[in-house]
Amino acid sequence: MKAHLTELLSIAAKSLNTDSISADSLPLDIQLERPKNADHGDFSSNLAMMLAKPLRQNPRAIAESLIKALPASEYISRIEIAGAGFINFHLSPKAQQAVVHEIQQQGERFGHHQTGGGRKLQIEFVSANPTGPLHVGHGRGAAVGDCLARLMKANGWDVTREFYYNDAGAQIDNLSKSVQARCKGISPEDTAFPENGYRGEYIVDIAKAYLAKETVIADDMKFTATGNPDDEESIRHFAVAYLRHEQDLDLQAFQIQFDVFSLESALYTNGQVESTVQALIASGHTYEQDEALWLRTTEFGDDKDRVMRKKEGGYTYFVPDVAYHVGKWQRGFVRVINEQGADHHSTITRVRAGLQALDIGIPKVWPEYVLHQMVTVMRGGEEVKISKRAGSYVTLRDLIEEVGCDATRYFLAARRADSQLVFDIDLARAQTNDNPVYYIQYAHARICSVLNQWNGDVKALATADLSPLQAEHETALLKRLSEFPEVVYHAGEELAPHMIANYLKDLASDLHSYYNAEQFLVADEALKLARMALIQATQQVLKNGLQLLGVSAPEKM
RNA sequence: CUGCCCGUAGCUCAAUCGGAUAGAGCACCAGCCUUCUAAGCUGGGGGUUACAGGUUCGAUUCCUGUCGGGCAGGCCA
């Protein structure tokens, strides 16, 4: 419909007669938008205002000429000029109703696009180091990342979900030292406990399991503890595997699955780190100074150069990061989106600088980043900071157990990633109208209930005559349904899954209002069928939208 | 000190590459269940979009500055 109107406007604009400028040279950037105010029609264009300056004419006068030149269309019932020169299109009832059959035909694919054209896109998210249970911040990353993955898939991308973790380095040393201390009965209160050791209760669990010579399985690895408190190598492997398994359980509870797990250590063992370093040296963007090897990141927008190889040997953390991304590029990902906490924003410039220095055809804004801000958890009007198990933070599992998977996912994904989020536990667990998750799910369940009571043949609705659908609430609902594909497209372009959540709230609201205003199961057979078709289409869109969020669409509540 | 993100109703948040009278929910007030699920609906009050400039037909949106909150700034990850 939008394309149709754009075409009409384009034809009209080309026929404009101007003395000064030829119509061909006009900036024909035709914009059509959905007016907020229903009185302003179904679509609105600012074309006349855009042309006002080059044509040196009053926008309203231009609008008038445009409308005169507009070819007739059966989909348009009325066109008017409003405000400073907006051209407002009111669709004919037939055009408005068409969306219902469109939804019926496309089913679960309604709203999907082929923008990605099947090209490969990777989303890396969560990527927590195996040093403890996942916390709320990881939860936000998990919810946003997973929704993004679903969204991009709906927009036609071939999506790979990937989890990267650091299984070497200082934090892991710290972890194994903490576990070792616990194995020896040293607690955080003792002076012998590692200074910056992990103090949570879960470290005790790991120590116990280690001493019991347990076997843990996570990702591709399977490891059996030796049980020897002095075997640091064994402790490290065991602790990493143990915590990866823990995090797998967290993710499972959150209903999130990854396609690929990548280990930092693998980048060393398979030589990718070394070959990347050699390539960077060969590129001429490195230099030696103070016994260290530096990368001239300032040539690529950084505010200072960065050390690659430390004076005492060993690479700094960003080197394997660059090597990892070279690998992503080699794997053929046209786009890579890294979803991470905003506290990692300083790595963006460095990783991109490293990739640019290699000069292997990687675009300047590759990879892309979606950074989410902090999450604050509230209960009873007070901030919650402590979990019993983790000690210093609220775990994702606590949250899921307390408020449920659906509500947790919804609340963590329903807000713009770049603003700080307050997670109100009381609200999320409320089984009342306060809770937007239930509000949306309830709309779906209500429709299911009505369709059940109607007990007719749902397939027969595909040919239902929709012309009786002209009541105010019906028009509003039809309009909202027709917006869904645009919302999916736009949310994908903006990498903003929260738009889906907002849309669903609005759609649910339209349905509930309609439900209260009109009886669906009426005696008039034609009207009843039309209404069944409309609510069945609404049910489908609610389902499609909830699917994008990874939230269930219950048939009963 | 420097960089990035944010600042919208009492609270939590929206606002479609700059659009028309800035919208929801909660809370508050007044109504609606002998009728398809009241986990719902209808109406009401509540705003100088932190502040000051600028850009233009038009700014919550873009630019500059100030104030406030968060996060980074290591040869730590």
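Proteins get letters first, then strands, A, B, ... in listed order; numbering begins at 1 in each.
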Whole angstrom value for the distance that separates [atom2] of [N] from [atom1] of [X]:
| X | N | atom1 | atom2 | answer |
| --- | --- | --- | --- | --- |
| Asp510(A) | G23(B) | CG | P | 16 Å |
| Ile87(A) | C57(B) | CD1 | P | 18 Å |
| Phe300(A) | G3(B) | CZ | P | 22 Å |
| Asn58(A) | C57(B) | CG | P | 13 Å |
| Leu412(A) | C13(B) | CG | P | 12 Å |
| Gln31(A) | U16(B) | CD | P | 13 Å |
| Arg140(A) | U12(B) | CZ | P | 14 Å |
| Met378(A) | A27(B) | CE | C1' | 15 Å |

Notebook entry, point to check: For the side chain of Gln453(A), counting heavy atoms from C-beta on, which of A39(B), C6(B), C36(B) is nearest?
Noted result: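 Given the options A39(B), C6(B), C36(B), the side chain of Gln453(A) is closest to C36(B).
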Check: The side chain of Lys36(A) lies closest to which of these nucleotides: A14(B), C36(B), U60(B)?
Finding: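 Minimum distance to the Lys36(A) side chain belongs to U60(B).
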Next item on the list: Report the stems of RNA chain B as range-with-range entries sorted by first number; a stem here is at least three consecutive pairs, Watson-Crick or G-U wobble, both distances under 3.5 Å, and write none if there are none.
Entry: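 As far as RNA chain B goes, consecutive pairing (with distances under 3.5 Å) yields the stems B:1-7 with B:67-73, B:10-13 with B:23-26, B:28-32 with B:40-44, B:50-54 with B:62-66.
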Side-chain donor-acceptor pair under 3.5 Å between [X] and [Y], yes or no?
| X | Y | result |
| --- | --- | --- |
| Asp406(A) | Gln441(A) | yes |
| Lys328(A) | Asn338(A) | yes |
| Ser482(A) | Gln96(A) | no |
| Arg306(A) | Thr298(A) | no |
| Asp305(A) | Tyr287(A) | yes |
| Thr276(A) | Gln272(A) | no |
| Gln278(A) | Glu274(A) | yes |

Can you tell me if the side-chain N/O atoms of [X] get under 4.0 Å from OP1 or OP2 in [N]?
| X | N | answer |
| --- | --- | --- |
| Tyr515(A) | C32(B) | no |
| Ser513(A) | U42(B) | yes |
| Arg446(A) | A38(B) | yes |
| His498(A) | A15(B) | yes |

Next item on the list: Could you tell me whether C33(B) is syn or anti, where syn means a glycosidic angle within 90 degrees of zero?
Entry: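 C33(B): syn glycosidic orientation.
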Next item on the list: Indicate syn or anti for C62(B), taking the glycosidic torsion and treating anything within 90° of 0 as syn.
Entry: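 That one's anti.
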Notebook entry, point to check: Has Phe86(A) got its ring stacked on the base of A20(B), with centres under 5.5 Å and planes less than 30° apart?
Noted result: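 Whether judged by distance or by angle, Phe86(A) passes, so it stacks on the base of A20(B).
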Quote, to the nearest angstrom, the [atom1] distance that separates [N] from [M].
| N | M | atom1 | result |
| --- | --- | --- | --- |
| C62(B) | G46(B) | C1' | 30 Å |
| U60(B) | U49(B) | C1' | 5 Å |
| A15(B) | A20(B) | C1' | 14 Å |
| G45(B) | G23(B) | P | 13 Å |
| G25(B) | C63(B) | C1' | 34 Å |
| C29(B) | G3(B) | P | 49 Å |
| A59(B) | G53(B) | P | 14 Å |
| G58(B) | G19(B) | P | 14 Å |

Please work out if [X] contacts a base, only the sugar-phosphate, or nothing of the nucleic acid, heavy-atom cut-off 4.0 Å.
| X | answer |
| --- | --- |
| Ala445(A) | base |
| Arg34(A) | base |
| Leu371(A) | nothing |
| His512(A) | sugar-phosphate |

Margin query: Counting only heavy atoms from other residues, nucleotides and ligands, does the tally under 6.0 Å from CD of Glu383(A) exceed 12?
Written below: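 Counting other residues, nucleotides and ligands, CD of Glu383(A) exceeds 12 neighbours.
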Next item on the list: Mind telling me whether Phe300(A) and His285(A) have parallel, tilted or perpendicular rings, with 30° and 60° as the class edges?
Entry: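 The arrangement is perpendicular - the two ring planes meet at more than 60°.
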Next item on the list: Check the angle between the aromatic planes of Tyr324(A) and Tyr164(A) and answer parallel, tilted or perpendicular using the 30° and 60° thresholds.
Entry: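 Taking Tyr164(A) first and then Tyr324(A), their aromatic rings lie parallel (interplane angle under 30°).
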Item checked: Any pair counted as ring-ring contact (aromatic ring centres under 6.0 Å, His included), so long as it reaches residues 505-529 of chain A, sequence neighbours left out ->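 Those involving residues 505-529 of chain A are Tyr439(A)-His512(A), Tyr442(A)-His512(A), Tyr514(A)-Phe520(A), Tyr515(A)-Phe520(A).
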Note to self: For residues 488-513 of chain A, which residue pairs pass the salt bridge (charged side-chain N to carboxylate O under 4.0 Å, His left out) check, not counting sequence neighbours?
What the structure shows: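 Those involving residues 488-513 of chain A are Arg480(A)-Asp506(A), Arg480(A)-Asp510(A).
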Write down the protein N/O and nucleotide N/O pairs, taken from nucleotides 45-50 of chain B, whose separation is under 3.5 Å; answer none if there are no such pairs.
none

Note to self: Less than 4.5 Å apart, side chain to side chain, heavy atoms only: is that true for Ile425(A) and Glu402(A)?
What the structure shows: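 Contact flag for Ile425(A)/Glu402(A) side chains = yes.
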Margin query: Here's a test of your reading of the structure: between Lys556(A) and Ala82(A), which maps to the more 5' nucleotide of RNA chain B?
Written below: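 Residue closer to the 5' terminus by nearest nucleotide: Ala82(A).
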Notebook entry, point to check: Do Arg78(A)'s NZ or CZ and the ring of Phe89(A) fall within the cation-pi criteria of under 6.0 Å and 45°?
Noted result: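 No, Arg78(A) does not sit over the ring of Phe89(A).
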Item checked: Protein proximity profile, nucleotides 67-77 of chain B - base contact B, sugar-phosphate-only contact S, no contact -, cut-off 4.0 Å on heavy atoms -> --BSBSSSBSB
Next item on the list: Return yes if the base of A15(B) and the side-chain atoms of Asp506(A) contain a donor-acceptor N/O pair under 3.5 Å, otherwise no.
Entry: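 A donor-acceptor contact between them is absent.
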Check: So does Ser44(A) reach the base of A20(B) with its side chain, donor to acceptor, closer than 3.5 Å?
Finding: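 Looking at the base of A20(B), it does pair with a donor or acceptor on the side chain of Ser44(A) (distance under 3.5 Å).
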Next item on the list: Apply side-chain contact (heavy atoms from CB on, under 4.5 Å) to Tyr317(A) and list each qualifying residue two or more places apart in sequence or on a separate chain.
Entry: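 For Tyr317(A), the residues satisfying side-chain contact (heavy atoms from CB on, under 4.5 Å) (neighbours in sequence not counted) are Thr347(A), Arg350(A).
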